[in-house]
Amino acid sequence: MQHCVPHILRALRFCFFFLGAGYSLLMSRMPALSAQCNADEAAIGVAVLCLGAGSLLGFVLVPVLQNRFQTRTIFRTGTILMLCTLPLCGLADSVLFLWVSFVIGGFFYAISEVCANVQGILFEIRSRRNCLSSMYASYSCGCLAGSLYAAICAFLGLTPFVTFCSAALLLFAGRVVAVRYLLKDSRPKTENTGTSSQTGIPGITILCGFLAMCAYTVSGASAEWSALLLNTVKGADEGTSALAFGCFAISLAIGRAFGDGLRLRYGDFRTLFCGCMLSLAGQACFLLSPYPIVCLAGYAIAGFGFSPAIPILMSRGAKRKDITPQKATAIISTLGNTGVLIIPPAIGWLAGHFGLTQALLLPVVLTLIVMSSSLIFRKPA
């Protein structure tokens with residue numbers, strides 16, 4: 001294991017990069033997809049709901065697949081199918097087509113995401129080092145790369161289909177190398193675990209899943225509504241609007257690159273609490289300012305502040321002796337992404353009735369919930 005650690009670490013970081021790039025590409029070209037399908041804000045809200053519905057179905061089915069296959073096998077298959085759905089979304093010329101393609105894409109993305117998180121937890125356990133935050137930094141770098149690539153394609157006037165096809169080919173080339181280093185699953189030892197630990201779910205895992213729901217929703221709202229906020233409310237052009245989530249993503253990457261060190265030095269509580277306060281300041285910037293450049297800065301501040309949230313919640317909920325990493329990660333991901341199914345579509349409904357700026361107050365409330373709940377992490381894991 002030790003002599004392969006650098007190769008495995010690079011491979012896992014690319015797997016997270018892969019997922020971030022695929023997601024960001026789709027979200028950053030949302031204005032073009034909206035125009036291509038003649039979809040209003042309410043229809044885009046339903047599309048996001050379809051993405052969440054497909055994801056939730058994937059999260060529910062992952063434990064069943066894990067009982068029969070290794071997570072590395074599931075990841076290899078899921079990522080190939082996920083890449084195939086990107087051009088499918090780019091071909092959408094009607095609202096119904098867009099909805100169906102989002103369901104399919106969400107399903108394969110969710111399966112791949114859970115398996116990537118399991119691989120990260122397994123690597124931490126076996127290498128005896130904290131590096132999950134740096135893997136999430138790679139995810140954020142992928143989001144940045146996807147956002148920049150989408151922005152370049154938008155400035156060049158390329159269609160979403162051309163954007164997604166060319167990006168899929170690039171991601172596939174890197175994926176071929178990375179999947180060779182994925183780890184085998186760990187299995188519980190029956191003689192060392194009681195019946196309750198095999199069948200029960202630790203309370204802290206469920207709580208981390210609920211808080212992850214709030215955290216995923218805040219990040220999802222930045223991904224799915226940032227471009228539309230700048231384009232339709234702040235008056236920015238499509239190319240500038242596509243950079244909004246990129247600003248959020250690059251600050252996430254920077255924050256997560258230092259996340260493992262911050263956790264070691266200041267502890268989970270102070271890192272998470274202070275980060276949420278900084279994120280609230282950034283959200284105030286892009287909600288209240290009429291200037292697109294200030295809004296971009298606000299997304300950067302919000303992303304940096306919220307960078308420790310998901311790695312801390314995933315690590316505290318899944319790296320335990322009373323539950324396998326596979327099961328814990330699937331539970332946290334399922335609970336966490338339930339918010340993606342409900343909240344972003346609700347933002348679309350609220351935006352249609354009260355305006356997008358007012359609707360985006362909902363992620364502010366969720367950030368306050370995560371900040372106040374960080375008190376439970378005052379004691380070390």
Side-chain angles (χ1 to χ4, degrees), residues 27-28 30-31 33-35 37-53 95 98-99 102 147 210-211 213-238 240-249 251-252 275-306 309 336-373:
M27 293 301 105
S28 296
M30 190 68 80
L33 289 173
S34 176
C37 299
N38 294 318
D40 56 15
E41 289 181 339
I44 292 297
V46 176
V48 175
L49 174 64
C50 291
L51 186 69
V95 172
L98 186 67
W99 292 348
F102 269 40
S147 176
F210 169 75
L211 296 178
M213 179 185 72
C214 299
Y216 275 122
T217 301
V218 174
S219 298
S222 298
E224 293 154 5
W225 295 103
S226 58
L228 287 173
L229 176 70
L230 265 69
N231 186 248
T232 62
V233 178
K234 309 299 181 178
D237 57 68
E238 186 183 338
T240 302
S241 300
L243 293 174
F245 185 56
C247 292
F248 185 88
S251 60
L252 272 176
C276 287
M277 289 185 63
L278 187 60
S279 180
L280 288 171
Q283 291 178 60
C285 287
F286 64 71
L287 288 177
L288 299 178
S289 175
Y291 304 107
I293 188 66
V294 176
C295 294
L296 292 177
Y299 275 108
I301 295 171
F304 186 86
F306 220 65
N337 285 276
T338 300
V340 180
L341 177 65
I342 300 172
I343 305 300
I347 291 176
W349 182 86
L350 291 171
H353 289 78
F354 304 103
L356 185 55
T357 302
Q358 290 75 12
L360 289 175
L361 292 174
L362 192 54
V364 175
V365 175
L366 297 176
T367 304
L368 289 170
I369 292 175
V370 176
M371 184 176 70
S372 59
S373 300

*asked:* Counting C-beta onward and ignoring hydrogens, is there a side-chain heavy-atom pair between Leu280 and Met371 closer than 4.5 Å?
replied: yes

*How many angstroms lie between atom OG1 of Thr367 and atom CG of Leu362, to the nearest 0.5 angstrom?*
9.5 Å

_I'd like to know whether Ile347 forms a side chain to side chain contact (heavy atoms under 4.5 Å, CB included) with Leu356, so could you lay out the CA-CA distance, the side-chain angles of the two residues, the decisive distance to 0.1 Å, and finally the verdict._
CA-CA 7 Å; Ile347 291 176; Leu356 185 55; 4.2 Å; yes

*Are any side-chain N or O atoms of Lys234 and backbone N or O atoms of Ser289, one a donor and one an acceptor, separated by less than 3.5 Å?*
yes

*Check: Ala39 main-chain N/O paired with Ser34 side-chain donor or acceptor under 3.5 Å*: yes

_Separation between SG of Cys247 and CG of Leu252, rounded to the nearest 0.5 Å_ = 11.5 Å

*Find the distance between CH2 (Trp349) and CZ (Phe354) and round it off to the nearest 0.5 Å.*
5.0 Å

*With a 4.5 Å limit on heavy-atom distance, are the side chains of Val364 and Leu287 in contact?*
yes

_Please give me the minimum heavy-atom distance between Ala359 and Ala351, naming the atom from each residue._
CB-N, 3.6 Å

*asked:* Does the plane of the ring in Tyr299 sit parallel, tilted or perpendicular to the ring in Phe286? Use 30° and 60° as the thresholds.
replied: parallel

*Sidechain-backbone polar pair: Ser279 side chain, Gly275 backbone, donor-acceptor under 3.5 Å*: no

_Please check: side-chain N/O of Trp99 versus main-chain N/O of Ala43, any donor-acceptor pairing under 3.5 Å?_
yes

*Is the closest side-chain heavy-atom distance between Met27 and Leu33 below 4.5 Å?*
no

*asked:* Looking at Ala236, is its backbone amide N or carbonyl O close enough to the side chain of Thr240 to form a donor-acceptor pair, meaning the two atoms are under 3.5 Å apart?
replied: no

*Can you tell me if CG on Leu361 sees more than 12 non-hydrogen neighbours from other groups inside 6.0 Å?*
yes

_Working for side chain to side chain contact (heavy atoms under 4.5 Å, CB included), residues Phe248 and Ser226_ = CA-CA 9 Å; Phe248 185 88; Ser226 58; over 6 Å; no

*Mind checking the SG-CG spacing from Cys276 to Leu368? Nearest 0.5 Å is all I need.*
8.5 Å

*Can you name the nearest heavy-atom pair linking Cys37 to Leu98, along with the distance?*
SG-CB, 4.1 Å

*asked:* Is it the case that the side chain of Ser373 and the backbone of Val370 share a donor-acceptor pair, with hydrogens and angles ignored and the cut-off at 3.5 Å?
replied: no

*Euclidean distance, Ile293 CD1 relative to Leu230 CG, rounded to 0.5 Å*: 9.5 Å

*Hey, could you give me the CZ/SG distance between Phe102 and Cys50, rounded to the nearest 0.5 Å?*
9.0 Å

_Smallest separation among heavy atoms of Cys285 and Gly298, with atom names_ = CB-CA, 3.6 Å

*Minimum side-chain heavy-atom gap Val218-Gln283 below 4.5 Å*: yes

